[in-house]
Protein chains: 2
Amino acid sequence: MSAAEETPGGEDVPWGEVTPEAARRLLVAAVEAFAERGYHATTTRDIAGRAGMSPAALYIHYKTKEELLHRISRIGHDRALEILRAAADGGGTAAERLADAVRSFVRWHAERHTTARVVQYELDALGPEHRAEIVELRRESDATVRRIIDEGVAAGEFDVPDVAGTTVAVLSLCIDVSRWFNTQGRRTPDEVGALYADLVLRMVGAQK
Amino acid sequence: MSAAEETPGGEDVPWGEVTPEAARRLLVAAVEAFAERGYHATTTRDIAGRAGMSPAALYIHYKTKEELLHRISRIGHDRALEILRAAADGGGTAAERLADAVRSFVRWHAERHTTARVVQYELDALGPEHRAEIVELRRESDATVRRIIDEGVAAGEFDVPDVAGTTVAVLSLCIDVSRWFNTQGRRTPDEVGALYADLVLRMVGAQK
DNA sequence: AACGAGGGTGAGCAAGCGCTTAGGGTCGCC
DNA sequence: GGCGACCCTAAGCGCTTGCTCACCCTCGTT
């Protein structure tokens, strides 16, 4: 059920669900290129070159450059939503679930910040139907976080005057990690996740 | 000293400092186009067309398309920094100054979200020297916010375990407003500014 | 009336784009 | 060992891109 396959060792293999191997190599190359230069500034020749293939090889596995972006975006959004739902459906108080959601969501946006950058910031490059499909997934992410906050308010754990606005702010804060996070930087994904979980608990007025 | 000229009536005229008028029309057209489609997806023909001119007219006023982006980015960053500094240098407690900074900074990112989107998200499209110049302005924005938080901690107003990390988070939160804010949406720039000022005060543990 | 300067245009160049097509090498399978 | 299925490539088509260039129109000045 997971969006990422696992090795016998047990760790995640990103893009493990993309087969055959040549198609996966192209997709990984596209993620890197899109993250570095943006979708429109990336050429199909560049993608194919990074995957060690000729420009024409791309079109054996994908109909268009936009289909590549869509596949990346779809898989990434599925994974992000899965992470949020796992936290929301976990046990514990609303504060614990919210902290858990933010921690794992932020960690993903930091660790996979190349993927996340494409997923979160290249939405407008998708065609209309593909964009609509992705927008729907985002709505579900929003609803998942909002539900946790709602429950925290109902339980008296949180003090939140504006649930809808706070939900947008929380998600926006987490997503933007993929823009500024740098692997060379001082903080690890775990540290950023912990910091952000703390900040978000403060935003919702959870008592420590 | 203001980055925006004023009419006799007193209200801001954005891009008022750009002359002559034809150059300003082109720049405004470029801001709209870049915000809608992104820098790389925008053609010089599109920019000139929006300004009611032929493609060649653009090159009378700007050497390259990149110079247009740089002018936009430079003016926008100057304005953003000016807003932050005005709040930081204003009177009152650290909490009042921080709330003021967030409120006006967010309001600008919401009101001028087309400009802000270009300014904040098209940094990578700049050439190396131009990018370096803009990165330096961002460092100054960061330092300005950090100073307010530092002072609040020193005065015992705030409780912030990680000042550097919290500064990044606060700026990131504000900047990302330009990505999701929609003029058609339910909230006014003022409302978002007020909400975010409240959220940020909670993040730094300011007592109400 | 002549003129020079500066802001504008129509046409188009060289390069690069997304994508297609004809064909070739390498398999497993009978 | 013959053969079709599957990947992949070299070459290139039609189009768009950023940008240029030769020319022109509209001024204020003399």
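Proteins get letters first, then strands, A, B, ... in listed order; numbering begins at 1 in each. A quick note: this is a predicted structure, and the numbers were derived from the prediction, not measured.
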Against the side chain of A:Thr43, the closest entry in C:dT9, C:dC17, D:dC19 is C:dC17
Interatomic distance where CG belongs to B:Leu58 and C1' belongs to C:dG10 [whole Å]: 16 Å
To the nearest Å, how far apart are A:Asp46 CG and C:dC17 P? 9 Å
Salt-bridged, B:Arg37 to A:Asp124, with N to O below 4.0 Å? no
Identify whether the distance between the nearest side-chain nitrogen and carboxylate oxygen of B:Asp176 and B:Arg179 falls below 4.0 Å. yes
Taking only the side-chain nitrogens and oxygens of B:Thr44, find out if one of them lies under 4.0 Å from OP1 or OP2 of D:dG18. yes
Whole angstroms only, please: what is the CZ-C1' distance between B:Arg25 and C:dG8? 11 Å
Find the distance B:His40:NE2 to C:dC17:P and express it as a whole number of Å. 12 Å
What is the separation between atom CD on B:Glu66 and atom P on D:dC19, rounded to the nearest whole Å? 9 Å
Quick check on D:dT20: is either OP1 or OP2 less than 4.0 Å from any side-chain nitrogen or oxygen of B:Tyr59? no
Under a 4.0 Å N-O cut-off, is there an ion pair linking B:Arg50 with B:Asp46? yes
Tell me whether the side-chain N or O atoms of B:Arg45 pair up with the base of D:dG18 as donor and acceptor below 3.5 Å, since no angle test is needed here. yes
Judged by atom type as modelled, is there a donor-acceptor pair below 3.5 Å linking the side chain of A:Tyr196 to the main-chain atoms of A:Ala99? no
Would B:Asp150 and B:Arg147 pass as an ion pair if we require N to O under 4.0 Å? no
State which of D:dT9, C:dC19, C:dT9 makes the closest approach to the side chain of A:Ala56. D:dT9
Report yes if a side-chain nitrogen or oxygen of B:His61 is closer than 4.0 Å to either non-bridging phosphate oxygen (OP1 or OP2) of C:dG8; otherwise report no. yes
Rounding to an integer number of Å, can you tell me how far B:Lys65 NZ sits from D:dT17 P? 9 Å
Nearest whole Å is fine: how far is D:dT16 C1' from B:Ile47 CD1? 15 Å
Measure CD1/A:Ile60 against C1'/D:dA5 and give the value in whole Å, please. 13 Å
